[in-house]
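Encoded as structure tokens, the structure appears first; notes follow it.
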Amino acid sequence: MILPITQYGDAVLRKLCTPITPDYPNLKVLIANMFETMYNASGVGLAAPQIALPIRLFVIDAEPLDEINLKGFKKVFINAQILEEKGDKWAYNEGCLSIPGIREDINRKEQITITYVDENFVQCTETYNSKIARVIQHEYDHIEGKLFVDYLTPLKKEMLKGRLADITKGRADVDYKVKLPKR
Ligand code: NI
């Protein structure tokens with residue numbers, strides 16, 4: 001089932017999300033719905049707050065990034081914690097399904113080590129680099145209540161103010177179902 005995607009200005013996007021346990025209701029269905037919602041909106045990642053749930057869950061399918069080593073990179077991250085970020089910062093053009101129509105170059109460190117449980121609650125600790133690290137950092141920020149626009153300079157943010165306000169009011173041009181913030 002395709003779920004509506006929460007939009008910039010929604011309080012749920014600013015919550016520090018909480019861990020879940022294996023008995024979380026209908027988790028398998030929820031994960032399937034998140035993938036369906038993400039594919040429908042042509043995203044490479046989707047975090048639970050983007051479907052209005054403040055829990056530590058995000059999904060990624062990096063196939064569209066078109067890198068040989070990411071073919072079949074489809075993963076579920078539950079209760080993730082980034083243990084370490086290192087390397088030089090590099091710029092990558094980021095976008096977000098909760099902030100449609102805006103893309104900006106964001107600087108982040110090159111490598112991350114992350115611990116999480118997968119959809120079967122098997123504990124994993126892995127290190128990732130470059131583009132896939134970037135997608136994970138972006139989604140991880142969502143479960144920490146952060147958005148990529150938070151990294152922009154005050155000047156740049158000021159310049160985007162009107163467009164961000166438009167998104168909040170549902171005036172952005174989107175071709176997927178959205179959930180607007182309560183006013
Ligand atoms: Ni996002």
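Quick note: numbers below take in every heavy atom, side chains included, and nothing from hydrogens, waters or symmetry partners.
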With distance as the sole criterion, is a donor-acceptor pair present between the side chains of [X] and [Y] under 3.5 Å?
X: Tyr151; Y: Glu104; value: no
X: Thr127; Y: Gln111; value: no
X: Tyr116; Y: Asn79; value: no

Approximate separation, where rounding is to 0.5 Å, of [X] [atom1] and [Y] [atom2]:
X: Lys28; Y: Asn33; atom1: NZ; atom2: CG; value: 13.5 Å
X: Asp61; Y: Met34; atom1: CG; atom2: CE; value: 13.0 Å
X: Ile99; Y: Phe148; atom1: CD1; atom2: CZ; value: 4.5 Å
X: Cys96; Y: Leu13; atom1: SG; atom2: CG; value: 7.5 Å
X: Lys157; Y: Lys161; atom1: NZ; atom2: NZ; value: 10.5 Å
X: Met159; Y: Thr153; atom1: CE; atom2: OG1; value: 8.0 Å

request  = Show your working on side chain to side chain contact (heavy atoms under 4.5 Å, CB included) between Ile132 and Ile60 and close with a plain yes or no.
outcome  = CA-CA 9 Å; Ile132 189 60; Ile60 288 175; 4.1 Å; yes

Is there a side-chain contact between [X] and [Y] in this structure, where contact means two heavy atoms from C-beta onward sitting under 4.5 Å apart?
X: Tyr140; Y: Gln81; answer: yes
X: Tyr24; Y: Leu57; answer: no
X: Pro49; Y: Lys15; answer: no
X: Glu144; Y: Arg14; answer: no
X: Thr37; Y: Ile5; answer: yes
X: Asp10; Y: Lys179; answer: yes
X: Gln137; Y: Glu85; answer: yes
X: Arg56; Y: Phe77; answer: no

Are [Y] and [X] connected into the same hydrophobic cluster when the rule is that any two of I, L, V, M, F, W, Y join if their side-chain heavy atoms are below 4.5 Å apart?
X: Leu164; Y: Leu152; answer: yes
X: Ile114; Y: Val44; answer: yes
X: Ile106; Y: Ile102; answer: yes
X: Phe121; Y: Phe35; answer: yes
X: Ile2; Y: Val76; answer: no

Is the backbone N or O of [Y] less than 3.5 Å from a side-chain atom of [X], with the two atoms forming a donor-acceptor pair by type?
X: Arg163; Y: Gly101; value: yes
X: Gln50; Y: Ala47; value: yes
X: Asp150; Y: Leu147; value: yes
X: Tyr176; Y: Leu97; value: yes

ask   = Do Asp166 and Arg171 pass the salt bridge (charged side-chain N to carboxylate O under 4.0 Å, His left out) test, and can you show the C-alpha distance, the side-chain angles, and the key distance before you say yes or no?
value = CA-CA 5 Å; Asp166 281 348; Arg171 293 195 198 124; 3.2 Å; yes

ask   = Passes side chain to side chain contact (heavy atoms under 4.5 Å, CB included), Trp90 versus Arg134? Steps please.
value = CA-CA 10 Å; Trp90 65 295; Arg134 177 58 62 113; 3.5 Å; yes

key: Face-on cation placement of Lys131 at Tyr92 ring, 6.0 Å and 45° thresholds   =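 That pair does not qualify as a cation-pi contact.
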
message = Does this structure show an ion pair linking Arg108 with Glu94, if we count only N-O contacts that are shorter than 4.0 Å?
response =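 Yes.
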
task = Please test Gln7 against Thr168 for side-chain hydrogen bond (donor to acceptor under 3.5 Å, both in side chains), starting from the C-alpha separation and ending with a verdict.
result = CA-CA 6 Å; Gln7 298 293 285; Thr168 301; over 6 Å; no

key: Within 6.0 Å of CG in Asn120, more than 12 heavy atoms from elsewhere   =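 Yes, because the 6.0 Å sphere around CG of Asn120 holds more than 12 heavy atoms from other groups.
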
task = State whether the number of non-hydrogen atoms from other residues, nucleotides or ligands found under 6.0 Å of Asn107 atom CG is greater than 12.
result =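 Yes, because the 6.0 Å sphere around CG of Asn107 holds more than 12 heavy atoms from other groups.
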
Verdict with reasoning, Ile82 to Thr113, per side chain to side chain contact (heavy atoms under 4.5 Å, CB included) = CA-CA 6 Å; Ile82 288 183; Thr113 299; over 6 Å; no

query = Checking side chain to side chain contact (heavy atoms under 4.5 Å, CB included) for the pair Gln123/Thr115: CA distance, chi angles, key distance, verdict?
reply = CA-CA 7 Å; Gln123 190 79 41; Thr115 185; 2.9 Å; yes

ask   = Given Asn93 and Arg103, is the side-chain hydrogen bond (donor to acceptor under 3.5 Å, both in side chains) satisfied, shown in steps?
value = CA-CA 6 Å; Asn93 199 246; Arg103 296 196 71 92; 3.0 Å; yes

key: Partner of Ile78 under side chain to side chain contact (heavy atoms under 4.5 Å, CB included), chosen from Leu27, Asp118, Ile55, Thr21   =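 Result for side chain to side chain contact (heavy atoms under 4.5 Å, CB included) with Ile78: Leu27.
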
